[in-house]
Amino acid sequence: MSIRQCRTKRPRYLGDTETQEAGEDPDWHSHEFGQLISADSGSMYVGTPDRVLLLSPAMAVWIPPDAQHWLRFGSENVMRYVDVNRDEAERLGSTCRIFAMTPLLGALFTATMPDGIAVRTNRHVSALYALLRHEIQSARDVPLSLVMPQDKRIRGFAEAALNDPGNVRSVEAWLADASASRKTIERLFVSETGMPPSRWLRHARVLHAVSLLASGQKVTTVALDMGYESSSAFSYMFRQTLGVSPREFVAKQPFAAL
C-alpha cells in the first residue's frame with residue numbers, strides 16, 4: 001500500500017459523541033489524525049505546550065495531527081469529536097485554534113456521524129465535507145485561549161492561577177512569593193505571554209468563568225467564586241474581555257464584538 005493510500009484510508013471526516021466525566025482527564029498525547037471538538041454541553045480545557053484553550057458550547061476547537069495536547073473536562077460534559085484524516089487536515093491549518101460555533105457548523109458536525117453518512121450517497125457526503133471545510137476555514141476565531149509562560153520563575157504562578165483564579169484576590173498577593181523582583185516578574189510575563197500579570201490574570205478568570213457558566217452555574221454565583229463583590233463588576237470585566245455579557249454568553253448569543 002502506498003503512503004498516499006495510508007494517509008487517505010481514514011475518512012475525511014468521521015464523528016462521534018461521548019459523555020465525559022469530570023476527572024477523566026487525558027494527559028499529554030497526540031493523534032495521527034486531526035480532531036475537531038465541540039461541546040453539546042459542559043466545557044473542557046485543551047492544553048498545548050505553550051497555550052491553554054477553553055471549549056464551551058459556543059465554540060469549537062481544532063487540533064492538527066501530531067499536536068501534543070492534554071484535556072481537562074468540567075462537569076456534565078457531552079462532547080462531539082470529528083476525526084479528520086491527514087490530507088484533509090493539511091487544509092485546516094497546522095496550529096490549534098478555537099473558533100465560534102454556528103448552527104450550520106453544528107449541523108455539519110452531526111452529519112459526519114456514522115448514522116448521518118450511512119443515509120447519504122458518496123456524492124452527497126463529499127459535498128457536505130467540502131462545505132464543512134469551507135465553514136471551518138472561514139469561522140471567526142474566539143479569544144478564549146491563554147499563552148502559558150515557560151520561565152520557571154513564573155510558570156508555577158500561572159498554573160496556580162489557571163487552576164483556581166478565584167483564590168487569587170490580588171496581583172500583589174498572587175506574586176508575593178516570587179523569587180524575582182516585581183519589575184522582573186512584570187517583564188517576564190510581557191515577554192513570554194504578551195500581557196502584564198494583571199491582564200493575564202483577568203483572562204485566566206474569564207476562562208474559568210466561562211467554564212463555570214457552561215456547566216450551568218448562575219452569573220451571581222460565578223461572580224462571587226471569582227472574587228468579585230458584585231455581579232455588575234464581574235459582568236463589566238467579562239464584557240471588556242469577550243465583548244458580550246455573561247448572560248448573553250449563557251444564552252449562546254453570537255460573539256458579535258470579537
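Hydrogens, waters and symmetry mates are skipped; everything else that's a heavy atom, side chains included, is used. When a residue number appears, it is its place in the shown sequence, counting from 1.
Under the 4.5 Å side-chain heavy-atom criterion for ILVMFWY residues, a single connected hydrophobic cluster contains both Val210 and Val222. Hydrophobic clustering of Ile, Leu, Val, Met, Phe, Trp and Tyr side chains at less than 4.5 Å, counting indirect connections, keeps Met101 apart from Val46. Leu105 and Leu55 fall into different hydrophobic clusters, where Ile, Leu, Val, Met, Phe, Trp and Tyr are joined by side-chain heavy atoms under 4.5 Å apart, directly or via other members. Hydrophobic clustering of Ile, Leu, Val, Met, Phe, Trp and Tyr side chains at less than 4.5 Å, counting indirect connections, keeps Phe109 apart from Leu53.
Here the options are Ile63, Val61, Asp50, the test is side-chain contact (heavy atoms from CB on, under 4.5 Å), and the partner is Cys96; only Ile63 passes.
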>> Ser231 vs Lys218, test: side-chain contact (heavy atoms from CB on, under 4.5 Å). Steps then yes/no.
In response: CA-CA 10 Å; Ser231 59; Lys218 295 182 178 180; over 6 Å; no
> When you look at Arg205 and Trp200, which way does the side-chain contact (heavy atoms from CB on, under 4.5 Å) test go after all the steps?
Replying inline: CA-CA 9 Å; Arg205 284 173 169 161; Trp200 194 97; over 6 Å; no
>> Run the side chain to side chain donor-acceptor pair (under 3.5 Å) test on Gln35 and Tyr81 for me, step by step, so that the C-alpha distance in whole Å, both residues' side-chain angles and the decisive distance to 0.1 Å come before the verdict.
In response: CA-CA 7 Å; Gln35 195 168 63; Tyr81 297 87; over 6 Å; no
>> One pair to check against side-chain contact (heavy atoms from CB on, under 4.5 Å): Val206 and Thr241. What are the steps and the verdict?
In response: CA-CA 8 Å; Val206 167; Thr241 306; 3.7 Å; yes
> Between Thr110 and Thr17, is a side-chain contact (heavy atoms from CB on, under 4.5 Å) present by the stated rule, with each step listed?
Replying inline: CA-CA 9 Å; Thr110 300; Thr17 300; over 6 Å; no
Which donor-acceptor pairs under 3.5 Å do side chains of residues 157-173 form with protein atoms, sequence neighbours excluded?
residue : atom : partner : partner atom : Å
Glu159  : OE2  : Arg155  : NE           : 3.0
Asn163  : OD1  : Arg72   : NH1          : 2.8
Asn163  : ND2  : Glu159  : O            : 3.2
Arg169  : NH1  : Gly166  : O            : 3.3
Ser170  : OG   : Ala173  : N            : 3.1

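Using the six-membered ring where Trp is involved, Tyr13 and Tyr129 have ring planes that are tilted, between 30° and 60° apart. Relative ring orientation between Phe33 and His31 is described as parallel, the plane-to-plane angle staying below 30° on a 0-90° scale split at 30° and 60°.
Looking only at distances, a side-chain donor or acceptor of Glu248 sits under 3.5 Å from a matching main-chain atom of Ser245. Side chain of Glu192 to backbone of Gln150: a donor-acceptor contact under 3.5 angstrom is found. Under a 3.5 Å cut-off, the side chain of Gln217 and the backbone N or O of Ser211 do not form any donor-acceptor pair. Within the 3.5 Å criterion, the main-chain N or O of Asn122 finds no donor-acceptor partner in the side chain of His124. Distance alone, capped at 3.5 Å, places no donor-acceptor pair between the Arg51 side chain and the Gly47 backbone. Under the 3.5 Å distance criterion, the side-chain polar atoms of Asn77 are matched with a main-chain donor or acceptor of Ser43.
The two residues Leu54 and Leu207 have their closest heavy-atom pair at CD2-O, 2.9 Å. In plain terms, the two heavy atoms of Ala111 and Leu128 that are nearest each other are CB-CD1, 4.1 Å. Residues Ala67 and Ser30 come closest through the heavy atom pair O-CB, 3.6 Å. Gly15 and Met113 get closest at one heavy-atom pair: C-SD, 3.2 Å. Residues Ser41 and Met79 come closest through the heavy atom pair O-CE, 4.1 Å. Taking both residues in full, the closest heavy atoms of Pro26 and Phe73 are given as CD-CE1, 3.6 Å, listed atom of the first, atom of the second, then distance.
Between Arg86 and Asp66, at least one side-chain N (NZ, or NE/NH1/NH2) sits under 4.0 Å from a carboxylate O, which counts as a salt bridge.
For Thr184, the side-chain contact (heavy atoms from CB on, under 4.5 Å) partners are Arg153, Ala180, Ser181, Arg187, Leu188, not counting sequence neighbours.
Checking Ser38 against Arg80 by side-chain atom types alone, a donor-acceptor pair falls below 3.5 Å.
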